[in-house]
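To start, the structure under review is shown below, and the notes come after it.
Side chains included, hydrogens not; waters and symmetry mates left out as well; all remaining heavy atoms used.
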Amino acid sequence: MAQARHKTGKERGAADSVARAERLRGIISALGLAATDFLSKPKVEAMAAQWLSGVRQPQDENEAFLLFANASLLAMSLAVFTPSMTGQTAIDRLARRHQAADADELAALQALRGSRFRLLAVDVALPPLGFRVRDLASGEVLHLIDGEMPAACVGLSIACRICPVEDGLVVPVGPMTPLDEAMLDLARQYIRPNGRGLAAQKCAEALYRHAVRHGGPRVPGLNASAKTGGTFPYSPEDGPAHALAFALADRGAAPTERQLQAARELTSIDNIIDAMSGISLGRAYGPETLASAYETLALIQMETIERRAASGIAGSLDRVAAAIEREIADGELPTEARDMFRELRRRVRVTPPKQTAGNVDLDKVLGRIQALREKTVEKGCTEQEALAAAEKVAELLDRYGLSLSEVELKNQTCEGFGVETGRKRLGPIDACIPAVASFCDCRVWREKTATDEIRYVFFGLPADVAGARYLYDLIERAFETETEAFKAGPLYFQHPTSQRRTATTSFQTGLSDGIARKLHALHAEREAAMRTSTGRDLVPIKESVLEDELARLGMTFTSRSAPKGKRVLSDAYEAGREAGEMFEYRPGIERSA
């Protein structure tokens with residue numbers, strides 16, 4: 001009986017080890033995918049193109065697409081483990097920067113760094129999971145754990161990269177390539193004599209190049225679909241959008257609320273293009289639920305783009321259509337993608353924005369802001385006039401906000417407005433942008449235009465966005481006015497000619513800092529005074545409205561630390577800062593405006 005209990009304990013321990021190895025396999029796959037962020041995409045594409053140079057002419061666009069997809073996958077798998085000139089691989093760079101979340105992720109990262117490309121003979125299936133494999137170069141016998149590897153692999157020789165996870169237990173990472181006799185003969189050229197192992201990197205490159213140019217065995221469930229013998233090139237490890245599509249397929253393409261929000265947040269032209277590809281390939285190679293899942297993903301993201309456009313945020317389905325045409329012209333998408341996109345576009349239905357409560361009062365506020373513009377921006381202004389106007393804008397916005405009930409505020413429709421700077425580099429005035437947004441209870445983010453120029457988007461309730469737009473224009477004109485005055489003054493001419501450009505930038509930096517500090521201080525004073533006098537705090541209500549609307553638009557943001565400051569001339573900087581902080585509100589702008 002004691003012997004039987006001891007055997008049961010060993011079996012339980014073995015099963016636990018196998019289960020942990022299978023769990024680590026999934027983590028290793030995800031980390032391997034993350035490492036591709038450290039690759040040079042042009043180099044990977046160049047390698048794939050070089051391998052394809054010896055391929056016969058494809059019969060149609062779909063075959064061309066599959067050939068390139070397969071070549072790109074193999075090239076990327078090779079590049080991830082290829083050392084750079086410094087001896088570092090993409091995996092090494094990932095390991096330096098990645099903070100492991102738990103012990104399993106740390107173990108998976110260590111296993112990935114210890115991976116090796118091997119030639120394996122699959123000898124027998126080993127229950128409860130995996131196969132006994134034999135290294136053709138060293139003779140070493142290993143237990144390969146892979147819950148998706150089909151039983152038809154027994155008796156085959158395969159080439160793959162494996163990661164050690166426990167004594168004798170290994171898991172694969174990347175593609176698994178079945179070998180025919182021609183490929184085995186090629187691989188044997190890289191087996192070093194006298195048991196010195198395999199010239200792994202050279203062997204992998206030679207085998208992948210051969211597989212691209214001449215093809216190889218197709219094993220259903222390993223490197224080919226069980227439906228048609230073709231291969232579906234995507235997997236959940238290919239990125240968040242693909243992982244979401246596979247998760248949708250498991251549910252029959254009916255998204256949960258969490259999946260719906262995830263799809264919105266992943267909205268991009270590239271992901272819609274990938275979804276178009278997934279629809280086409282899913283229909284060709286199955287299962288149909290996968291094609292439907294990619295279709296659902298595309299529809300959600302196309303609807304999100306339309307919602308963003310209706311809210312005044314840059315982007316449109318026309319841009320997506322143009323990108324799809326480019327992909328078709330480059331052979332990256334089959335021509336059928338054009339018709340698929342048109343059909344999906346016809347199905348996109350975006351409800352018109354709901355009517356904003358208090359439209360009459362809103363029109364009055366917007367009209368008054370426009371009147372202020374005509375008295376300041378259109379005619380030029382100093383910093384004192386700009387801040388006096390800002391005070392008036394704040395008064396108008398607060399008065400309007402207090403006139404509405406909480407329900408009316410929450411029923412308003414948010415909108416966005418883009419400020420085109422015409423610049424490709426950050427300038428001193430950009431430090432004012434967050435202060436302007438905060439002053440007007442808006443959100444703001446920075447993006448790049450198609451010409452790589454900086455663009456800011458203010459997003460919030462209509463009156464607040466109008467105020468932010470106006471205040472930015474005021475500050476921009478004040479910068480022009482004050483910079484001209486500075487350059488005409490004695491401090492500017494005290495500097496040598498070689499330092500005058502730096503002096504101007506230093507003055508503008510100080511001016512920007514001074515204005516931003518003043519706006520932040522004024523905003524805090526406004527809010528405190530409003531709470532004291534009325535007992536209401538509009539900011540949390542507006543924040544709630546903004547959060548809900550941004551969630552519907554799938555908008556998420558990453559804060560970046562401020563760039564390191566450039567060298568400034570202290571006297572010019574102080575002159576600008578003092579100019580920015582000495583603003584006093586005077587009745588230079590009529591209260592009746």
Side-chain angles (χ1 to χ4, degrees), residues 21 23-51 68-118 159-166 170-177 197-209 212 233-244 265-266 268 270-271 274 448 452 556-564:
R23 186 170 66 252
L24 290 180
R25 183 176 71 87
I27 301 174
I28 287 169
S29 294
L31 290 172
L33 174 64
T36 62
D37 291 340
F38 297 91
L39 293 178
S40 167
K41 186 177 179 181
K43 289 184 178 179
V44 172
E45 291 177 346
M47 184 185 299
Q50 192 272 329
W51 291 348
F68 185 78
N70 184 51
S72 297
L73 174 64
L74 295 176
M76 185 176 294
S77 301
L78 181 66
V80 165
F81 296 95
T82 301
S84 65
M85 294 183 66
T86 63
Q88 299 290 302
T89 66
I91 299 297
D92 295 326
R93 290 188 283 274
L94 171 71
R96 285 203 311 272
R97 299 191 186 185
H98 185 77
Q99 185 68 39
D102 51 31
D104 277 352
E105 193 168 86
L106 180 60
L109 189 59
Q110 292 172 341
L112 191 60
R113 297 190 74 180
S115 67
R116 291 173 57 190
F117 183 82
R118 300 236 198 169
C160 68
R161 181 170 287 274
I162 60 174
C163 307
V165 292
E166 288 193 31
V170 297
V171 299
V173 60
M176 303 182 74
T177 307
L198 182 72
Q201 203 70 5
K202 292 182 179 179
C203 182
E205 182 175 1
L207 287 175
Y208 290 165
R209 182 172 57 245
V212 169
Y234 300 131
S235 71
E237 289 76 27
D238 284 327
H242 293 290
L244 180 56
E265 293 177 2
L266 289 169
S268 71
D270 286 345
N271 282 336
D274 281 350
K448 290 292 186 73
D452 211 33
T556 57
F557 305 98
T558 301
S559 298
R560 295 183 180 179
S561 58
K564 294 182 179 179

Pairs of donor and acceptor atoms involving the side chains of residues 197-205, under 3.5 Å and at least two apart or interchain, shall be tabulated with distances.
unit_1	atom_1	unit_2	atom_2	d
Gln201	NE2	Leu78	O	3.4
Gln201	NE2	Thr82	OG1	2.6

Could you tell me which residues satisfy ring-ring contact (aromatic ring centres under 6.0 Å, His included) with Tyr234, sequence neighbours excluded, listed by chain and number? Phe232, His242
Expected output: side-chain Asn271 to main-chain Ala241 donor-acceptor under 3.5 Å: no
Close side-chain approach of Cys163 and Val170, heavy atoms under 4.5 Å: no
Please examine the side chains of Asp104 and Leu24, heavy atoms only from C-beta on, and report whether any two atoms are closer than 4.5 Å. yes
How many angstroms lie between atom CD of Glu105 and atom CD of Gln99, to the nearest 0.5 angstrom? 9.5 Å
Test side-chain hydrogen bond (donor to acceptor under 3.5 Å, both in side chains) applied to Asp274 - qualifying residues, sequence neighbours left out: none
List in chain and number order the residues that pass side-chain hydrogen bond (donor to acceptor under 3.5 Å, both in side chains) with Ser115, two or more places apart in sequence or in another chain; answer none if no residue qualifies. Arg161
Which atoms form the tightest heavy-atom contact between Gly32 and Leu112, and what is the distance? N-CD2, 3.9 Å
Would you say the side chain of Leu207 lies within less than 4.5 Å of the side chain of Phe117, judging by non-hydrogen atoms? yes
Evaluate side-chain contact (heavy atoms from CB on, under 4.5 Å) for Ile162 paired with Val173, printing each intermediate quantity in order. CA-CA 6 Å; Ile162 60 174; Val173 60; over 6 Å; no
Taking side chain as C-beta onward, heavy atoms only, is Leu94 less than 4.5 Å from Leu109? yes
Distance, nearest 0.5 Å, that separates SG of Cys160 from CZ of Arg118: 9.5 Å
Tell me the closest heavy-atom pair linking Ser235 and Asp238, and the distance in Å. N-OD2, 2.8 Å
Give the minimum heavy-atom separation between Pro236 and Ala243, together with the two atoms involved. O-CB, 3.4 Å
Which atom pair, heavy atoms only, marks the closest approach of Ala90 to Ala35? CB-O, 3.5 Å
What is the distance from atom CE of Met76 to atom CZ of Phe81, rounded to the nearest 0.5 Å? 12.5 Å
Can you name the closest pair of heavy atoms from Ala111 and Ile28 and give their distance? CB-CD1, 4.0 Å
Using atom types as modelled, flag every donor-acceptor pair under 3.5 Å from a side chain in residues 36-43 to any protein atom, sequence neighbours excluded.
unit_1	atom_1	unit_2	atom_2	d
Thr36	OG1	Leu33	O	2.5

At what distance, to the nearest 0.5 angstrom, does CG of Leu244 lie from CG of Leu266? 6.5 Å
Using the salt bridge (charged side-chain N to carboxylate O under 4.0 Å, His left out) rule, collect all pairs that involve residues 84-96, keeping only residues at least two apart or in two chains. Asp92-Arg113
From Ile27 CD1 over to Arg25 CZ, what is the distance, rounded to the nearest 0.5 angstrom? 11.5 Å
Are side-chain heavy atoms of Thr89 and Val80 found at a separation under 4.5 Å? no
